[in-house]
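Please read the structure below before turning to the comments.
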Amino acid sequence: MRYIHGSGPDGAKILLVGEAPGEQEEFAGKPFVGTAGGELDRELADAGISRHSCYVTNVVKHRPPGNDISQWIISPTKKRPAPTGFVPYRDRYVAPSVKEHIEDLWREINAVQPNVIVPLGGTALWVLTGHDSITSWRGSIIETKGEDGRTFKCIPTYHPAAVLRQYPWRWDAVQDFRRVRAEAEFPQIKDPKWNFLIRPTYDATIGILNWLLARLDGGESLKLVVDIETIPRALQLACIGLGWSKTDAICIPFISRSAHDGNYWPTMLEEMSIIQLLTKILTHPFCRVVGQNFLYDATWLAFLWGFRCVPWMDTMLAQHTAYPGKEKALDYISSIYCTFYRYWKDESKEWHLKGDEAIYWTYNCQDCAYTWECAEVLLRVLEKRELQEQFDFQMSLFAPALDMMIRGIREDDNQRRQLYNIVDKQMQRKLKFIHEVFGHEVNPRSPVQLKALFYDDLKIKPVLNRKGMKKDTASISVNDEALEIIKKREPVLVPVCEAIKEYRTLGVFKGNVLGTEGPRDRMLCSFNLAGAETFRWSSSQNPFGWGANMQNIAKLQVEDPPDVQAIAKEIRRLFIPDEGMILAKFDLEKADLQVVVWEADDMVLKQRLRERVDIHAENAKDIGMSRQMAKTFVHLTNYGGKAITAAKSCGITVHAAEHGQKRWFQAHPGILDWHRRVEAQLQSTRTVANKFGYKRFYFDRIDSVFNEALAWIPQSTVAICINKTLKAVSARREIQLLLQVHDEIVVQWAYSLGLAPVEQINAIFNSIIVPYEDPLIIPAECKLSVKSWGDCVDLKQFKEECKNVCIPGVL
Ligand code: URA
């Protein structure tokens, strides 16, 4: 085994530590000279650091067998105890040679005396700092201490080999190296001068709140970061943090373990006075509240303290507008945008139960300080990316979303219980069938059991998860896609695979929709404005664990089995209008397709859409296929699908698919031009944009995102049309917004308004113009009911129904 020494200049200010040498390093006798080394050099160069100015080394200087260091560093478990001879190091056991290598590493560090050490990847991070997760700790400025007590500044980042597998991480690694470059100028850790008031007295709290209020009353438009910590299960607000600069914040606790009754404030009067002042401040017209994921906080404030707090800026929405699809949690954005950053989120969960409260109250203040700085930087980022207008619009959706979350939608609780029982029985039937087929019990919702069954017992060739990055890291899967492949491989298993899929879908209905917590007669969910990179909203349980992800109901496909379809329809029937109200849903017609056609500026296809002819039948004539096949084929082709994919989906030969695509592009060259335009944009800027000026920057390898980028354009355009409509509807107080699911909005209004709101909402849809040279308006289809969401029918039928039941004021 060859010993690969570290290399680099004496007195290097930056010392990089990898894991262990690989084959090429062993051959060359130097660390990081292979593929990962090449990537490392490029990342350093992008951050303005020359590799030659750095000292580069590894934790272990020998190449591990199979390049797998995990056999030398072990976290012992009952099943896998540490091998004999292994020695304890931090919270794990290491081979004796590794212990020696670590001692060597410290000798190197002490000889070089760098200003910054950069652990590359999880192993080096753990060896040098004892921390576990590189995804959490990357970019942090932390301290590492050798056995002789000498300390060094450390900034961990991803290992370049991990970046090559998970390419979007590259951008983060380069950011981390930029921080490294700045910090390499001096050895000290310069902690920020935070001025946090934790464990405040009553007088100090009131003093600060009055001081803030006086500034507001004096006409100052005051920026205030607000962050609450909660104990959701107990429905308790634990503390609220307020920050009024990058360094100043107060944490006002409401509960405390050390207090005899658990309340921080000894008397109700004191607590009430504080809440009253907070209410005045947070609803003050001059108060510019800044928060992170503030719909969460605003929901608590609304339900617990009874006021609506609409922020001036939500940093999560800002990050989502700037970089849709990228991580947007506070720790992540702080790691990118803040001058000083140290991961601080680890122990803050369940903080009311364990640990030192003072630490958590400090965390609360830290959240405020980090949010403040992120907000400042993000505003500059948005300006630079010319996305201010788009961000203003995203922020303007906050109030309607909060209103919908507070209002909820009425639910028929009796029906819900009945349906719960029906679904439960159906699941039991399916389970019985599955057990009979296999001859023993199996839990269809347990991937572990299904994998053992299909791949170990039945010896089916394992299906890999297509989202796996590399063949050797792709995981074996039994998800719905995998079951489809198993069905093709083993036709005898078709019925049981179907039963498993149905069981799982029904389980989602049962657990996530029918069995949810919350008030019995109202479904209250959370809407997430940053839930999808396309700017569609997503929904989920609200902060109290009530409500459901409504996408679970609406994403049903035509291919879904009748049982499942029927239940889905019944679920929609559970949602009913409030007493004396008409419920209506508005859906955009063939919306994505329209945008594709306008992007392509194809006159013929535009005409087909405008004249509302059966476009799939007409398209079928262009390419000589059946209508049904043409529908799938054209869709795939429009979205950049290759002939081989189209061939597989349509059950035709690749040759026939190639021929079909050629005919399609000949008949509609605009589609191909659009593809080429998008490809060129991606190549030159990594960005695509829609006509509303929203942009999607891709961090991944460009060749792997082309189809995604093509689809983003129509999907985001349609979502923004829906959102614009929703905002305009929200301005009409007489119409109540209830839901936004996929391309659909659900509203209600009083009988006394009759059908006038249909016209008004249609007029709003018709006023939303996608600003192509040839402007595009996507018409909406309206369906109504006085019974339920699932009973909505078109206007004509609704009028008929109204005649029969004589609803006052409707006709
Ligand atoms: N990976 C490492 O961790 N070190 C090297 O030297 C090369 C690849």
Side-chain angles (χ1 to χ4, degrees), residues 228 230-238 254 275 279 293-310 398-424 508-529 531 537-554 567-568 570-585 730 733 735-741 745-750 785-792:
I228 61 166
T230 61
I231 307 168
R233 254 170 291 144
L235 284 189
Q236 269 180 326
L237 198 150
F254 289 92
I275 294 174
T279 309
N293 186 17
F294 202 71
L295 269 172
Y296 179 89
D297 304 59
T299 311
W300 273 87
L301 296 175
F303 277 92
L304 247 68
W305 291 348
F307 64 86
R308 260 166 107 255
C309 181
V310 176
F398 190 98
L402 179 62
D403 288 344
M404 286 159 76
M405 284 165 62
I406 296 171
R407 179 179 299 124
I409 180 166
R410 191 173 166 213
E411 215 179 5
D412 184 333
D413 193 42
N414 271 338
Q415 287 291 24
R416 176 162 83 145
R417 275 170 226 242
Q418 278 179 26
L419 200 52
Y420 183 92
N421 291 334
I422 293 172
V423 170
D424 193 46
V508 171
F509 289 166
K510 188 178 137 191
N512 300 4
V513 185
L514 299 168
T516 49
E517 307 267 315
R520 291 295 70 176
D521 58 351
R522 233 167 163 79
M523 209 272 313
L524 292 144
C525 66
S526 264
F527 291 102
N528 185 354
L529 311 191
W537 294 12
S538 66
S539 57
S540 61
Q541 286 191 337
N542 81 356
F544 313 116
W546 306 340
N549 171 357
M550 302 303 285
Q551 273 77 3
N552 280 334
I553 307 170
I567 299 284
E570 285 308 312
I571 289 179
R572 284 169 177 253
R573 287 213 169 102
L574 301 180
F575 299 105
I576 55 181
D578 282 297
E579 210 61 61
M581 299 279 214
I582 297 171
L583 188 140
K585 61 178 196 142
S730 76
R733 303 313 297 179
I735 302 173
Q736 295 180 353
L737 286 158
L738 299 176
L739 291 173
Q740 204 248 59
V741 187
I745 56 175
V746 182
V747 298
Q748 66 175 8
W749 61 80
S785 170
V786 286
K787 286 190 237 142
S788 78
W789 183 23
D791 285 300
C792 284

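Atoms considered below: every heavy atom in the structure, side chains included; atoms not considered: hydrogens, waters and symmetry mates. This chain uses plain numbering: 1 for the first residue, then up along the sequence. Keep in mind it's a predicted model, so treat the numbers as computed, not measured.
Partners of R410 under the salt bridge (Lys or Arg N to Asp or Glu O under 4.0 Å) rule, at least two apart in sequence or in another chain, are E579.
The two residues C309 and F398 have their closest heavy-atom pair at O-CE2, 3.9 Å. Nearest heavy atoms, L529 versus L295: CG-CD1, 4.1 Å. Nearest heavy atom pair, residue M523 against residue M550, reads CE-SD, 3.4 Å. Shown here for C525 and S539, the closest heavy-atom pair between the two residues is SG-CB, 4.1 Å.
The CH2 atom of W300 sits 6.5 Å away from atom CD1 of I228, with the distance rounded to the nearest 0.5 Å. The structure places CZ of R572 at 5.5 Å from NZ of K585, a figure rounded to the nearest 0.5 Å. Expressed to the nearest 0.5 Å, how far CG of N528 lies from OH of Y296 amounts to 13.5 Å. I576 contributes atom CD1, which lies 10.5 Å from atom CG of D791 (distance to the nearest 0.5 angstrom). Atom-to-atom distance recorded for N542:CG and L524:CG is 6.0 Å, nearest 0.5 angstrom. To the nearest 0.5 Å, atom CH2 of residue W789 and atom CG of residue L574 are 10.5 Å apart.
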Task: Step-by-step side-chain contact (heavy atoms from CB on, under 4.5 Å) determination, I571 to L419 - done: CA-CA 8 Å; I571 289 179; L419 200 52; 3.8 Å; yes
Open item on the list: Could you go through L738 and V747, starting from their C-alpha distance and side-chain angles, then the distance that decides it, and tell me whether this counts as side-chain contact (heavy atoms from CB on, under 4.5 Å)?
Closed with: CA-CA 5 Å; L738 299 176; V747 298; 5.6 Å; no
Task: Intermediate values then yes/no, side-chain contact (heavy atoms from CB on, under 4.5 Å), F575 and E411 - done: CA-CA 5 Å; F575 299 105; E411 215 179 5; 3.7 Å; yes
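A 4.5 Å side-chain heavy-atom check between L402 and T299 finds at least one atom pair inside the cut-off. In this structure, C792 and L583 have side chains that are in contact, with non-hydrogen atoms separated by less than 4.5 Å. V508 is not listed as a side-chain neighbour of N549, based on a closest heavy-atom distance of 4.5 Å or more. Side chains of S526 and S540 form a contact here, defined as non-hydrogen atoms less than 4.5 Å apart. Looking at I745 and W537, their side chains never come closer than 4.5 Å, going by heavy atoms from C-beta outward. Between I406 and R308, the closest side-chain pair of non-hydrogen atoms falls below 4.5 Å. Residues D403 and L737 fail the side-chain proximity criterion, which asks for heavy atoms closer than 4.5 Å.
Every pair passing salt bridge (Lys or Arg N to Asp or Glu O under 4.0 Å) that includes a residue from residues 509-522 is listed here, sequence neighbours excluded: D424-K510, R522-D578.
Centroid-to-centroid, the aromatic rings of F254 and W305 come within less than 6.0 Å.
A salt bridge is absent between D412 and R573; no separation between the charged side-chain nitrogens and carboxylate oxygens falls under 4.0 Å.
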